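Notes follow once the structure below has been shown.
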Protein chains: 2
Amino acid sequence: MDTAKNMEGVAIDPTTILKNCGLKRTLGRVKILDILIELDRPITGKELLNRLGTDAVDPASVYRTLNVFFDLEVVHKIEGADNINRYALNRGEDMHPHFTCRTCGKMECLTMTTFPHIDIDSMEEGYLVERESISLVGLCPRCRL
Amino acid sequence: MDTAKNMEGVAIDPTTILKNCGLKRTLGRVKILDILIELDRPITGKELLNRLGTDAVDPASVYRTLNVFFDLEVVHKIEGADNINRYALNRGEDMHPHFTCRTCGKMECLTMTTFPHIDIDSMEEGYLVERESISLVGLCPRCRL
DNA sequence: ATTTTTCTTGCAATCAAGTTGCATTTGCAT
DNA sequence: ATGCAAATGCAACTTGATTGCAAGAAAAAT
């Protein structure tokens, strides 16, 4: 079985990721990366903690790790649906909107949807736009009954 | 001097607003509406409390009031830039993106910018989209140095 | 292989935004 | 004027997340 690769054809396994950004390979970080690699949608710190389950990593360490990963661009941080941060592995994908179900709280990446172009030039002079995000909220098929 | 009007030509003063939605005209609500009417950008509960200043309204009451206003569509609630809710008077405007300065935290409405159309049909069947928001984050001219 | 250095973690305390329960007060219809 | 539903203030609490610090684990140096 092949190792997963990202869009640039780079292998994505915890050890390689950690080595590539000069972080020590600790059990907690590996477990967190295992979960994020497995998943194709952004999850909250809470869900991550739940998934880590019994062999718990301390919440403080989880949040610290996520922030380190975010600073090193190992993960994306998605804010905005319900004021809870969600994290997803940075696979080098294009920017895309996210859909969050109001009931079950699951967030999904709308990778099939083209990211609409915002006419930034029509903004007043002098603004520097660093991040753009589009967020849809509603009901997913399962929660819609 | 004329009283301010919204897009439907309805006068927007605290007393009228409160009467129109069957809420009691209390001092706190009037003060909050005064501030929101005056402002053309969404503000946080914190900023609202600061502006209420010395003649303080209790934080719990402010947040309760904002929620009541939101439920009655008197105000918009904008989430997403930094996981802090911001509120702006509902003037019946079209949906528009918001820009938040990473440094000073001020949010502005990008009313001059057309709201890009998201191709919701390209989403899988069964989703119900209730809200859509577009959020830009960066530096405003003042904070850009 | 062992020591040393540096980085990480766990734990507990803390923070900030926001909510809730409840007794008291206030607006307003009568 | 007065009676009652609605709103407020206060304090306690919730939740997501951060921080200080002592103890522990990786990687580097010997």
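Residue numbering restarts at 1 for every chain, and letters A, B, ... go by the order of the sequence lines. If you're wondering where the values come from, they're calculated on a predicted model, not measured in any experiment. Scope of the values below: all heavy atoms of this structure, side chains included, with no hydrogens, waters or symmetry mates.
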* To do: Tell me which of B/Y87 and A/A56 sits closer to the 5' end of DNA chain C, going by the nucleotide each one is nearest to.
  =>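 It is A/A56, whose closest nucleotide lies nearer the 5' terminus.
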Just the rounded figure in Å: distance from [atom2] of [N] to [atom1] of [X].
X: A/L49; N: D/dT15; atom1: CG; atom2: P; answer: 14 Å
X: A/D82; N: D/dA17; atom1: CG; atom2: C1'; answer: 14 Å
X: B/N83; N: D/dA17; atom1: CG; atom2: P; answer: 7 Å
X: B/I32; N: D/dT8; atom1: CD1; atom2: C1'; answer: 11 Å
X: B/D58; N: D/dA12; atom1: CG; atom2: P; answer: 13 Å
X: A/L72; N: C/dC7; atom1: CG; atom2: C1'; answer: 14 Å
X: A/K46; N: D/dT14; atom1: NZ; atom2: P; answer: 13 Å
X: A/R29; N: C/dC7; atom1: CZ; atom2: P; answer: 11 Å

Can you tell if the side chain of [X] reaches within under 4.5 Å of the side chain of [Y], non-hydrogen atoms only?
X: B/L89; Y: B/I17; value: yes
X: B/K106; Y: B/T100; value: no
X: B/P97; Y: B/S135; value: no

* **Test item: A/S61 side-chain N/O and A/V57 main-chain N/O as donor-acceptor pair under 3.5 Å** =>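 Not a single qualifying donor-acceptor pair exists.
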* Is the backbone of B/E73 close enough, under 3.5 Å, to the side chain of B/N90 for a donor and an acceptor to pair up by distance? ->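 The answer is yes, because a donor-acceptor pair under 3.5 Å joins these two groups.
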* To do: Go through residues 63-71 of chain A and report each residue with a non-hydrogen atom lying under 4.0 Å from DNA chain D, sorted by number.
  =>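 Close to the strand are A/Y63, A/R64, A/N67.
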* Would B/K77 count as a cation-pi partner of B/Y87, with NZ or CZ less than 6.0 Å from the six-membered ring centre and within 45° of the ring normal? ->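 No cation-pi geometry.
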* **A/R102 CZ to A/L136 CG distance, which is reported to the nearest 0.5 Å** =>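 Taking CZ in A/R102 and CG in A/L136, the distance rounds to 14.0 Å.
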Show the atom names and distances, to 0.1 Å, of all donor-acceptor pairs under 3.5 Å that link a side chain in residues 27-37 of chain A to residues at least two apart or in another chain.
from: A/R29; atom 1: NH1; to: A/K24; atom 2: O; distance (Å): 3.1
from: A/K31; atom 1: NZ; to: A/D55; atom 2: O; distance (Å): 3.4
from: A/K31; atom 1: NZ; to: A/D55; atom 2: OD2; distance (Å): 3.2

* Using the salt bridge (Lys or Arg N to Asp or Glu O under 4.0 Å) rule, pick out the option among B/R41, B/R86, B/R142 that qualifies with B/E108. =>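 Only one option passes, and that is B/R142.
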Sub-3.5 Å pairs of nitrogen or oxygen atoms, protein against nucleotides 27-30 of chain D:
from: D/dA27; atom 1: OP1; to: A/R25; atom 2: N; distance (Å): 3.2

* Classify the nucleic acid contact of B/N85 as base, sugar-phosphate or nothing, counting any heavy atom under 4.0 Å across all strands shown. =>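 Result for B/N85 = sugar-phosphate.
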